[in-house]
Every structure is written in C-alpha cells, then in structure tokens.
Amino acid sequence: MRREKFLAPSILAGNHAKLHDSLMLADQDGRKWIHLDIMDGHFVPNLSFGPQTVSDLRKSSSLFFDVHLMLQQPDRYIEPFIEAGADLISIHLEPEYDHSRALAKISAAGIQNGIVINPDTPAHSLLPYLEQVDLILFMTVNPGFGGQKFIYEVLSKAKEIDEIRKKENLNFLIEVDGGVNPEHVKSCLNAGVDILVAGTAYYKLDKLGRKHFADLFENAYLKDFL
Ligand code: DX5
Ligand code: ZN
C-alpha cells in the first residue's frame with residue numbers, strides 16, 4: 001500500500017518575530033503540513049511558544065497543523081492546543097502520565113493523535129499503542145533545538161515498526177524529526193517514513209531548493225514509472 005508522503009516544514013526554524021511569514025512561505029510552497037514545536041523548559045532544555053501563537057497562526061492558514069508537545073506534563077495542555085486549532089497532537093512516551101488516556105482524549109476531540117520517542121527509547125516501548133495511534137514520531141535528534149545532526153541509527157526502529165505495520169495491516173503514519181536534510185530522504189523512504197519534518201534545512205534553502213527537497217520525498221515514487 002502506498003501512503004501519501006509529506007514534507008512538513010518545522011516553523012521552529014523560522015524567525016520568531018515573523019512566524020506568520022514562515023507559515024506563509026510553507027503555504028505558498030504548496031506544503032500540506034506544518035510542524036509546530038512546543039517546549040516547556042523541563043522535558044527539554046528550551047522554550048518555544050504556546051497555544052496563543054498556534055491560535056493566531058491558525059487564522060491565516062489551512063495547512064495541517066502537526067503540533068509536537070515536548071512537555072513534562074502533556075496531558076495538562078491537550079485542551080488548549082485543541083482549541084488553538086491543532087489537527088494532530090503528538091505526545092512523548094518518556095514522561096510519566098497516563099499515555100493511553102491522553103491519546104484517547106486527543107482522538108475524542110476529533111483530531112489525530114501521535115506518540116513520540118526519543119533516540120534512546122526502544123521501539124518495543126511503542127507496542128502497547130500501535131492500535132491506538134494515528135502517527136508515530138521518531139526523534140532523529142535529542143529534542144530541544146533545531147539544527148542538530150541527524151542520528152541514522154533511529155531509522156532501524158522506524159523500519160522495525162514499519163514491518164509490524166505491514167504485517168498487522170495497521171494504519172498509523174511514521175514521521176521523523178530532527179536534523180533532516182535532502183541527503184537523508186532515501187534512507188527515510190527505505191525505512192517506511194511517511195512524514196519528514198525539516199526545519200533548518202528547509203528554511204535555509206531558496207524556493208527552487210525547497211521544491212527539490214519536497215519533490216525528492218513526496219514524489220520519489222514517480223521515478224519508478226519514468
Ligand atoms: C527538535 C524539534 C524539531 C526541530 C527540527 O527538538 O522537535 O522539530 O524543529 O529542526 P531541524 O530540522 O533544524 O533539526
Ligand atoms: Zn518537532
């Protein structure tokens with residue numbers, strides 16, 4: 001089964017005094033998804049922005065808002081981000097809270113849910129959630145900052161979960177996030193990745209470069225028929 005592939009620009013890499021412009025750039029480039037990183041200074045050693053920013057951005061775009069919560073207590077912030085207009089909320093597996101309940105709360109609001117694991121968290125820890133989630137996000141850097149180096153080893157976990165997805169006929173999407181640039185596209189496609197998040201690499205390219213980057217991932221399958 002061929003799933004649609006999306007390159008999701010990460011707005012974290014934009015100019016935070018002009019996030020609206022970074023959103024419009026992705027929109028005008030024809031992207032379908034935008035990735036929004038929420039950091040609390042506890043789960044990760046950095047702060048980004050909150051529901052007010054997401055809500056204000058929501059007013060200018062109909063892009064799919066992929067909201068990645070890097071929070072110690074994500075279950076406390078699900079409602080504000082739903083109200084802010086998230087289309088998908090992903091929450092980390094590492095902090096202690098009722099993960100299943102939080103995922104169910106996101107789904108009950110009629111939006112998609114996702115579970116995220118850090119590079120050092122094993123793939124088997126995802127097994128209890130495979131039937132409950134719309135998306136699994138594999139961090140390919142330790143979360144907190146843009147512009148870090150892509151950790152290739154994470155792709156073996158994605159591949160392992162993709163194999164289970166095929167075998168069990170499951171429908172969640174597989175996303176990777178952190179340090180992604182065009183040279184990683186092929187390995188990500190081979191590992192079964194559906195959504196490629198890219199911040200620094202995307203926003204530093206010119207229009208043609210961004211189109212090439214997105215085409216490499218989103219339209220790679222066309223090459224099989226040319
Ligand atoms: C890292 C964030 C990423 C980040 C990716 O903590 O979750 O979404 O924005 O940025 P790059 O592509 O610059 O690594
Ligand atoms: Zn992210």
Side-chain angles (χ1 to χ4, degrees), residues 6-16 18-19 21-23 25-26 29 31-51 53-54 57 63-72 74 77-78 81 84 86-95 106 112-121 133-155 157-158 173-185 187-188 193-205 209-210 212-214 216-218:
F6 295 114
L7 185 136
S10 174
I11 207 167
L12 187 74
N15 175 340
H16 284 226
K18 297 179 184 172
L19 284 182
D21 293 356
S22 307
L23 178 69
L25 182 139
D29 274 356
R31 302 281 61 77
K32 301 275 190 299
W33 283 42
I34 188 90
H35 184 83
L36 300 118
D37 285 313
I38 314 298
M39 304 182 182
D40 67 353
H42 290 277
F43 179 63
V44 288
N46 196 8
L47 297 158
S48 57
F49 47 82
T53 306
V54 175
L57 290 170
L63 285 180
F64 186 92
F65 272 26
D66 170 23
V67 176
H68 173 196
L69 301 187
M70 282 159 275
L71 309 177
Q72 192 59 35
Y77 294 93
I78 288 169
F81 284 102
D87 294 298
L88 182 149
I89 295 179
S90 57
I91 53 180
H92 273 260
L93 188 62
E94 292 82 7
I106 300 169
Q112 295 186 39
N113 68 21
I115 192 98
V116 194
I117 60 169
N118 283 340
D120 291 339
T121 304
V133 292
D134 298 303
L135 175 136
I136 294 182
L137 168 51
F138 293 92
M139 291 308 301
T140 40
V141 297
N142 285 301
F145 299 92
Q148 303 183 74
K149 198 168 174 296
F150 185 85
I151 304 171
Y152 267 100
E153 289 72 23
V154 171
L155 292 180
K157 295 194 289 184
L173 298 173
I174 295 178
E175 179 176 62
V176 293
D177 177 16
V180 176
N181 67 48
E183 78 189 44
H184 305 124
V185 166
S187 312
C188 290
V193 173
D194 307 296
I195 316 289
L196 204 62
V197 176
T200 309
Y202 184 81
Y203 280 103
K204 81 171 182 214
L205 288 165
R210 295 193 303 271
H212 177 67
F213 188 4
L216 271 181
F217 183 66
E218 295 178 355

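We count ligands from 1, going down the list as the structure has it; atoms in each ligand are counted the same way.
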Report task. List nothing but the number: protein N/O/S atoms under 2.8 Å from the Zn ion (ligand 2). Result -> 4
Numbering the atoms of ligand 1 from 1, which are under 4.0 Å from a heavy atom of [X]?
X: Thr200; result: 11 (P), 12 (O), 13 (O)
X: Gly147; result: 11 (P), 13 (O), 14 (O)
X: Met70; result: 6 (O), 7 (O)

Indicate yes or no: does an N/O atom of [X] lie under 3.5 Å from an N/O atom of ligand 1?
X: Asp177; answer: yes
X: Ala201; answer: no
X: Gly179; answer: yes
X: Ser10; answer: yes
X: Gly144; answer: yes
X: Gly199; answer: yes

Query - Residues which pass salt bridge (charged side-chain N to carboxylate O under 4.0 Å, His left out) with Asp87, listed by chain and number, not counting sequence neighbours - result: Arg58
**Report entry** Whether Trp33 and Phe6 hold their rings parallel, tilted or perpendicular, with breakpoints at 30° and 60°
**Finding:** parallel
Query raised in the report: Parallel, tilted or perpendicular: which fits the ring planes of His35 and His68, with parallel below 30° and perpendicular above 60°?
Result: tilted
Query raised in the report: Taking atom types as modelled and ignoring hydrogens, do the side chains of Asp40 and Tyr77 form a donor-acceptor contact shorter than 3.5 angstrom?
Result: no
**Report entry** Sidechain-backbone polar pair: Thr200 side chain, Gly147 backbone, donor-acceptor under 3.5 Å
**Finding:** yes
Give me the nearest non-hydrogen protein atom to [atom] as residue plus atom name, then the distance to 0.1 Å.
atom: atom 1 (C) of ligand 1; value: Phe145 O, 3.7 Å
atom: atom 10 (O) of ligand 1; value: Gly146 CA, 3.7 Å
atom: atom 2 (C) of ligand 1; value: Asp37 OD2, 3.3 Å

Query - Flag if over 12 foreign heavy atoms under 6.0 Å of OH, Tyr203 - result: yes
Query raised in the report: Is it true that atom NE2 of His212 has more than 12 heavy atoms of other residues, nucleotides or ligands lying nearer than 6.0 Å?
Result: no
